[in-house]
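In what follows, a structure is listed as C-alpha cells, so that the remarks can point back to it.
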Amino acid sequence: VVRAVSIHLGSQISRVSIKEQLRQRLRLRVGEILEVDDEARATQLNQEAHHLQEYLQDEGFFEAQVTITTAASDTYGAIVNVYPRLGPDYYLGQITIEPHNRKLAFSHDEIEAVFTHCWVQFRSVCWKRKRFTREQHQADIQRLIEMYQKRGYPAARVFLRDAVARNQSAQLRRRIT
C-alpha cells in the first residue's frame, strides 16, 4: 500500500508548478495498492513513469526522463519516489510558412510575433525567450486564426505540417489556408 509519494526535482526550485502538475497526473496515490510480485510492480512503476514522461514531453521537455522507485515504509507500506529529469528547455526555432509563393494577409514578421514569447523585451528586442510549451503553442494557433477571421477570412486554418525538436529548438512548419 502506498503510504507517501515524493517528487524529487533536485535543484530545479523554479519548477514548483511542474511538481504539482506531476502530482496531479500520478495515478499512484496514498492508499493505492502496489503489485506484490516484483516483476509486476516493476511493470506498474515503468508504466507510471512512461505516463509522466509523455506529459512532460507534451509540455515541451522533449528530453524528459522519469524514474520511479519504492522504499519500504512498514510491513505492508511503501513510499513512492518520483525522479523527473526535465532536460534542457526548448525554444521556438524557425517558422516556415507555406505556401511560399502566395501573398498572405499578414507578413512573416507579424505571424512570427504571434509565436514569440519573451520574459524580457526591450524596444521590440527579445532578450530572454520563454520555453516552448504545447499549451502556449495551441493558444498561439488559435490567436492567429482569430486574426485572420478579423481580417475577413472566416475559414482560415493553420496546420502544423511538421515539427522537429533538435538542438534545443522546436522547428515548426505551418500551412496557412
request  = Show your working on side-chain contact (heavy atoms from CB on, under 4.5 Å) between H108 and I111 and close with a plain yes or no.
outcome  = CA-CA 5 Å; H108 186 276; I111 293 170; 5.8 Å; no

ask   = Can D37 and E35 be said to form a side-chain contact (heavy atoms from CB on, under 4.5 Å), step by step?
value = CA-CA 6 Å; D37 178 59; E35 295 289 339; 5.6 Å; no

task = For side-chain contact (heavy atoms from CB on, under 4.5 Å), just list the numbers for I141 and F115, CA-CA rounded to whole Å, side-chain angles, deciding distance to a tenth of an Å, and then say yes or no.
result = CA-CA 8 Å; I141 289 173; F115 294 94; 3.9 Å; yes

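Between E59 and the options E54, R134, Q136, a side-chain contact (heavy atoms from CB on, under 4.5 Å) holds for only R134.
Residue T67 holds its OG1 atom at 8.5 Å from CD of Q53, rounded to the nearest 0.5 Å. The CD1 atom of I68 sits 9.5 Å away from the CD atom of Q44 when rounded to the nearest 0.5 Å. Put simply, CG on L28 and CD on E48 are 4.5 Å apart, with the number rounded to the nearest 0.5 Å. The NE2 atom of H8 lies 8.0 Å from the NZ atom of K19; values are rounded to the nearest 0.5 Å. Atom CD of residue Q21 and atom CD1 of residue I18 lie 8.5 Å apart, to the nearest 0.5 angstrom. We find the NE2-OG1 distance between H117 and T133 to be 8.0 Å, quoted to the nearest 0.5 Å.
In this structure, H137 contributes its side chain and G60 its backbone to no donor-acceptor pair below 3.5 Å. Not a single donor-acceptor pair under 3.5 Å links the side chain of E63 to the backbone N or O of G87. In this structure, R151 contributes its side chain and A105 its backbone to a donor-acceptor pair below 3.5 Å. No donor-acceptor pair closer than 3.5 Å links the side chain of R23 to the backbone N or O of R29.
P84 and L22 make their closest contact through CG-CD1, 3.7 Å (heavy atoms, listed as atom of the first residue, atom of the second, distance). Listed here is the closest heavy atom pair of P154 and G152: CD-O, 3.2 Å. Here the shortest heavy-atom pairing between A78 and T70 reads CB-CB, 4.4 Å.
L26 and I79 end up in different hydrophobic clusters when Ile, Leu, Val, Met, Phe, Trp and Tyr side chains are linked at under 4.5 Å. Under the 4.5 Å side-chain heavy-atom criterion for grouping Ile, Leu, Val, Met, Phe, Trp and Tyr, I145 is connected to V114 within one hydrophobic cluster. Tracing side-chain contacts under 4.5 Å through hydrophobic residues (I, L, V, M, F, W, Y), one reaches V66 starting from V2; they form part of the same cluster.
In this structure, E135 places its CD atom where only 12 or fewer heavy-atom neighbours from other residues, nucleotides or ligands lie under 6.0 Å away. More than 12 heavy-atom neighbours from other residues, nucleotides or ligands sit within 6.0 angstrom of OH on Y83.
The side-chain heavy atoms of T69 and L45, taken from C-beta on, include no pair separated by under 4.5 Å.
Looking at D140 and R143, no side-chain N of the basic residue comes within less than 4.0 Å of a carboxylate O on the acidic one, giving no salt bridge.
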